[in-house]
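I have placed the structure first, in the form of structure tokens, so that the comments after it can refer back to it.
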Amino acid sequence: MSRLKIASWNINSVRIRLPIIAQLVKDESPDIICLQETKAQNADFPLAAIQRLGYPHMILNGQRMHHGVAILSKQPLVEERRFDWQDNGEARHIGVRLPNGILLENVYVPAGGDIPDRTLNPKFGQKLDFVQRMTRWSESLRDPTIILGDFNIAPLECDVWSHKALLDVVSHTPIEVEALTGLMQSHDWVDVARTLVPAPQRLYTWWSYRNKDHTVNDRGRRLDHVWVSPAMKDTLAGFRVLEPARSWEKPSDHVPLIAEFAL
DNA sequence: ATGGTAGGTTGCCTA
């Protein structure tokens, strides 16, 4: 039996966040780090710096300026595929197969703009369509899979600082929650966070930059997720949200998730 | 009720 520790983190620019990626490695030393919003095309990815941190194996799906995902690993990985669930060329997914055969899917779901109406705001429609296409893909999945990343939807009332205040705010609207619930049901996905930190416990992974001190009113949301296939449920060995990382120097607005498996 | 910040690459877009 071996232990596998995986981190998932929307870092909002991999290049500017190198010092706190180093901090994560020092504190947690995950076997695998899944990044979202790297904001670097592959040619600009800081390969040498990441290698020096002990992650010589990197699988990248980047683009200029926006989005971008990456998987950093201590051990070799085999890239499986990259999906374009929006069908617009944006770099929002990278998938690998681990040496033990398990699939690992790293996803950055579109944020969806400000107005929760697809006729007034095409970005909102693209977000819903993205989740819909993920659902179609998920229905036919057979292999044991870990899917994680920034899903940009907080599904439960206890996943946001105020359910009432956020009902019309993109990330917590009923139509988005319905879409995410449909995705979850399409494979009977296990929500790792809520299995090990059950509702209604407070659990947030993101706090807006637009507050001077995010701890004052604690207006957080749980936008980041780790889900596993039902067949992997018995392998769950730990889950934590590294909330203190929101107070590190030059922080991301998201904090790392740590999931551990006994395989 | 509004506007607030951050990052990348500009004189604005996305989050």
Side-chain angles (χ1 to χ4, degrees), chain A residues 8-24 34-47 49-50 60-70 84-93 106-118 120-131 148-155 159-162 164-173 176 179-180 204-225 243 245-257:
Chain A
S8 175
W9 197 6
N10 176 321
I11 27 94
N12 184 20
S13 169
V14 64
R15 287 171 287 182
I16 212 153
R17 237 52 94 182
L18 280 170
I20 61 172
I21 294 173
Q23 187 67 48
L24 172 70
C34 296
L35 300 175
Q36 303 91 36
E37 225 182 335
T38 53
K39 289 186 170 175
Q41 55 192 334
N42 292 351
D44 294 335
F45 200 90
L47 295 172
I50 298 291
L60 313 176
N61 184 12
Q63 70 178 84
R64 201 172 128 91
M65 283 173 63
H66 299 302
H67 324 307
V69 289
D84 181 3
W85 282 306
Q86 230 177 164
D87 198 25
N88 65 356
E90 291 181 356
R92 295 183 176 275
H93 167 267
N106 180 16
V107 184
Y108 178 37
V109 175
D114 287 332
I115 305 166
D117 180 328
R118 71 189 308 155
L120 299 173
N121 168 25
K123 284 179 190 302
F124 190 69
Q126 284 169 8
K127 179 181 196 175
L128 296 176
D129 293 345
F130 188 101
V131 175
L148 53 73
D150 178 3
F151 294 3
N152 264 315
I153 299 173
D159 290 335
V160 294
W161 64 275
S162 167
K164 240 180 164 170
L166 292 178
L167 271 172
D168 290 323
V169 174
V170 173
S171 71
H172 192 61
T173 63
E176 290 168 274
L180 196 70
Y204 308 143
T205 67
W206 174 90
W207 293 260
S208 172
Y209 283 126
R210 297 176 188 180
N211 294 310
K212 271 197 175 64
D213 182 346
H214 76 281
T215 64
V216 170
N217 293 308
D218 192 28
R219 295 188 165 180
R221 306 178 201 170
R222 187 170 74 102
L223 302 180
D224 303 271
H225 301 273
E243 198 170 326
R246 188 61 181 78
S247 300
W248 289 350
E249 196 78 19
K250 294 274 277 176
S252 170
D253 44 356
H254 297 252
V255 294
L257 277 47

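Because only heavy atoms are used, hydrogens play no part in the values below, and waters and symmetry mates are left out as well, while side chains stay in. Each chain gets a letter, A, B and so on, in the order its sequence line appears, and its residues count up from 1.
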Donor-acceptor check, side chain of A:Thr205 to backbone of A:His254, threshold 3.5 angstrom: yes or no? no
Are there more than 12 heavy atoms of other residues, nucleotides or ligands under 6.0 Å from atom CG of A:Asp114? no
Residues that A:Arg246 engages under side chain to side chain contact (heavy atoms under 4.5 Å, CB included), provided they are two or more places apart: A:Trp207, A:Tyr209, A:His214, A:Pro251, A:Asp253, A:Val255
At under 4.0 Å between heavy atoms, how does the protein contact nucleotides 8-15 of chain B? Give one character per nucleotide, 5' to 3', with B, S or -. SSS---SB
Which whole number of Å gives the distance between the P atom of B:dA15 and that of B:dT9? 15 Å
Is A:Asp117 atom CG crowded by more than 12 heavy atoms from other residues, nucleotides or ligands, each under 6.0 Å away? yes
Whole-Å distance separating the CD atom of A:Gln63 from the P atom of B:dG7: 19 Å
Using atom P of each nucleotide, how far apart are B:dA6 and B:dT2 to the nearest Å? 23 Å
Name all residues meeting the side chain to side chain contact (heavy atoms under 4.5 Å, CB included) criterion together with A:Ala22; count only those two or more places apart in sequence or in a different chain, and write none if there are none. A:Leu53
What contact category does A:Arg17 fall into here, base, sugar-phosphate, or nothing, at under 4.0 angstrom with non-hydrogen atoms? sugar-phosphate
Quick check for you: to the nearest 0.5 Å, what is the distance between A:Gln36 atom CD and A:Phe151 atom CZ? 8.5 Å
Inter-nucleotide C1' distance (B:dG11, B:dG7), Å rounded: 15 Å
